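Just so it is clear, the values below take in all heavy atoms, side chains as well, and ignore hydrogens, waters and symmetry mates. Note that the structure is predicted; figures quoted are calculated from it, not measured.
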Amino acid sequence: MPTTRELAEKARFVRTETVRLTRIAGAGHYSAVFSCAEILAALYYAELRLDPARPDWPDRDRFVMSKGHAAIGLYPVLADLGYFDPAELDSYTRLGSPFGDHPDMKRIAGVDFSSGSLGHGLSVGVGMALAGRLAGHDHRTWVLLGDGELAEGQIWEAATSASHYGLGDLVAVVDANQLGIDGFVADVMGAEPIDARFAAFGWGVQRVDGHDLPALLAAFAALPARGGTVPQVIVADTVKGKGVARMELSPDWHVGNLAGADYDDVLTELAR
Amino acid sequence: MTGTIEPTAPKRLTTSAMIASFADPGQRTSSAPFGHALADLADRDGRVVGLTADLGKYTDMHVFAEAHPDRFFQMGMAEQLLFGAAAGMAEVGLVPFASTYSVFAARRAYDFLCLDAAEPNLNVNIVGGLPGLTTGYGPSHQATEDMAIFRGMPNLTIVDPCDSVDIAAAVPQLAACEGPTYLRLLRGKVPTVLDEYDYTFQLGRAAVLRGGSDVVLVSSGLMTMRALQAADRLAAHHVDVAVVHTPTIKPFDAETVLRELDTDRLAVTLENHTVVGGLFETVASHVVRAGLGRAVVPIGLPDEFLAAGALPTLHDRYGLSTDKVVEQVLASL
């Protein structure tokens, strides 16, 4: 098990790689990655049951990035774990590259499902969990959702079915970073109380500071054992743009590019 | 509670009552051919699962559910969930058949089918009941434009079967087809027609069911049954009619169809679908690409929302009945 310090380094790596790839592309969704950098680090380096040498291992844990615009933060993690050569990342968003703004399950080892249109991942996760149960597997299916995404009614069709079928090996993590494109989620279309809403749908709920690595690890450890009958959600309170002061909770940084001094400033700030 | 439940003898499951049939009085039919074909396939292939969105009884999925309860998943009245979950199952290695009405699959769940099934090219098999004009319930249930919606979806195979023979043969071929498929389901007491012809359903292939020197009818779905009936009746008018059945709309067997159209016979397409974006326009686009430079007469539903009413009345009103087909062909000669 890596130390908290090591995981914090991995979260920093997610952020700095995201900035680097954004520069290659000329645009990217950095702030939505910054909010889930600790979540990705904790999941991929301390929790998920994976074997990068066997990306198609049938009983691996699944990770569905329903908020697919954060894929730019996932790719460096997959490369770092050995799913593919990190040098391939330099082709990010170039014509013909497998690495686009949203993840492609057919072209990138380690990506369990494609995404990009919000509100799909939890339904897909329900199917994966049902299929895993039918196959006698005990893999967990993790789905990373955004809080703005909870306005998609589909989330709640899926949440209903997960408790109906008692899918205890389905775990949703809500990156509650408070912002959508047009502004604060609370103003655009309020999602709170997220924890009470999932609880009312029959889910086991935990709520943690999504940038607090020990708290995330404790939430993972507190999940019922595999084979349970109550779907689980971890509502992670986060800050969109976390780690870069000018981006934090600013609706102006959803997508874009960092030029000149801004680029150097941000990397310097992330290195602190 | 009072009363008794009468014991019933085991019998072949059928579709529930209250469902209109387009079968002619006295016509040979087969009950729930899709449900039985899927149950039989699942006997041989452990990957096959069935899902529905609270329409098991009306899509003949209940036959599968009874035969394989452990592999049947009721997803409730939630079509986007139905197809999203089916895609997740396919990713894990299952071969899902997911049923609802065509209107709900095409209109309501499009984004989920497009991005979760078609774009990753997963083996998700969409089973759509009430395609075209096969119910008198009005526009909410009449999927008059389902093929027009689905034809634009890359990777999707579209099958418009004529009868119970087509359906029984299609089900295992749809499962064997690697990517997503859409079956325009005929359910309940489905006419049995094509066993009288030297024909076997082959996915992606059109077939000449009968030759004729004056007219060539190119048809799919239940309109092939009407085309064959019309051909018999037109013989009484000394009109010799060929019928080409094109049960796979996409990918389309243009080679076979163009070979039949490259003559000076009257060419007519027949489809249980709006004339916009379905079989007619599929044929027309191939005719133009091939530079055949000839007219094709479309028989199909008008580009409008249709009335509710009794199905035979509606088929007559909108030109799908055999009588109307005969009239339209004679008027075009």
Side-chain angles (χ1 to χ4, degrees), chain A residues 55-64 66 68 100 102-108 111-137 139-143 152-167 169-170, chain B residues 42 45-54 65 68-98 100 104 108-126 153-155 178-180:
Chain A
D56 295 329
W57 176 30
D59 208 7
R60 70 189 184 279
D61 283 351
R62 302 301 197 281
F63 176 76
V64 178
S66 193
H102 299 93
D104 185 338
M105 64 190 279
K106 287 291 184 186
R107 301 185 67 196
I108 304 172
V111 171
D112 288 319
F113 215 87
S114 304
S115 57
S117 177
L118 294 169
H120 287 230
L122 201 56
S123 294
V124 171
V126 165
M128 289 176 161
L130 284 169
R133 177 188 287 177
L134 190 62
H137 293 162
H139 69 71
R140 278 195 174 130
T141 301
W142 293 77
V143 180
E152 296 280 3
Q154 183 53 28
I155 298 291
W156 304 103
E157 286 188 16
T160 301
S161 70
S163 53
H164 176 82
Y165 278 107
L167 300 178
D169 288 330
L170 180 66
Chain B
D45 187 341
R47 301 171 305 155
V48 172
V49 293
L51 305 82
T52 192
D54 201 14
H68 298 281
D70 55 323
R71 287 196 262 160
F72 168 70
F73 299 93
Q74 173 61 263
M75 303 312 287
M77 214 176 289
E79 294 76 19
Q80 301 171 46
L81 169 68
L82 172 75
F83 294 115
M89 290 176 170
E91 190 280 332
V92 180
L94 298 178
V95 178
F97 281 74
T100 180
F104 306 135
R108 193 161 194 146
Y110 186 90
D111 194 39
F112 291 76
L113 290 167
C114 187
L115 294 174
D116 299 340
E119 200 274 337
N121 202 30
L122 291 171
N123 194 339
V124 172
N125 300 285
I126 309 157
M153 190 184 288
N155 289 342
E178 187 189 347

Given a strict heavy-atom distance threshold of 4.5 Å, which part of [X] is in contact with chain A: side chain, backbone, both, or neither?
X: Leu82(B); answer: neither
X: Ala87(B); answer: both
X: Leu81(B); answer: both
X: Phe73(B); answer: both

Among [options], who wins on heavy-atom pairs under 4.5 Å with chain A?
options: Glu119(B), Met75(B), Met89(B); answer: Met89(B)
options: Asp70(B), Asp116(B), Asn121(B), Leu115(B); answer: Asp116(B)
options: Gln74(B), Arg71(B), Met77(B); answer: Gln74(B)

Segment of Arg60(A) engaging chain B (4.5 angstrom heavy-atom cut-off):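 Just its side chain gets close to chain B.
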Contacting region of Arg107(A) [heavy-atom separation from chain B under 4.5 Å]: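 Interface part for Arg107(A): neither.
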Report, as yes or no, whether the 6.0 Å neighbourhood of atom CZ on Arg108(B) holds more than 12 heavy atoms from other residues, nucleotides or ligands.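 Open: at most 12 neighbouring heavy atoms sit under 6.0 Å from CZ of Arg108(B).
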Can a donor-acceptor pair be found, under 3.5 Å and without considering hydrogens, that links the side chain of Asp61(A) to the backbone of Arg140(A)?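 Yes, because the side chain of Asp61(A) sits within donor-acceptor range (under 3.5 Å) of the backbone of Arg140(A).
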Sidechain-backbone polar pair: Arg62(A) side chain, Val92(B) backbone, donor-acceptor under 3.5 Å: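 Not at all, since once roles are kept as given, no pair shorter than 3.5 Å links the two residues.
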Between the side chains of Gln154(A) and Ser123(A), is a donor N or O closer than 3.5 angstrom to an acceptor N or O?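 Ser123(A) and Gln154(A) do have a side-chain donor-acceptor pair below 3.5 Å.
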Can you find a side-chain donor-acceptor pair between Asp169(A) and His137(A) that sits under 3.5 Å?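 Looking only at side-chain atoms, His137(A) and Asp169(A) do not form any donor-acceptor pair under 3.5 Å.
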Would you give the length of the straight line joining atom CG of Leu51(B) to atom CZ of Phe83(B), rounded to the nearest 0.5 angstrom?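 Between atom CG of Leu51(B) and atom CZ of Phe83(B) there are 9.0 Å.
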Among Val49(B), Asn125(B), Leu122(B), find the one that has a side-chain contact (heavy atoms from CB on, under 4.5 Å) with Val95(B).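 One option only clears the test, and that one is Asn125(B).
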Contact leader toward chain B among His120(A), His164(A), Lys106(A), where contacts are heavy-atom pairs under 4.5 Å: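 Heavy-atom pair counts peak at His120(A).
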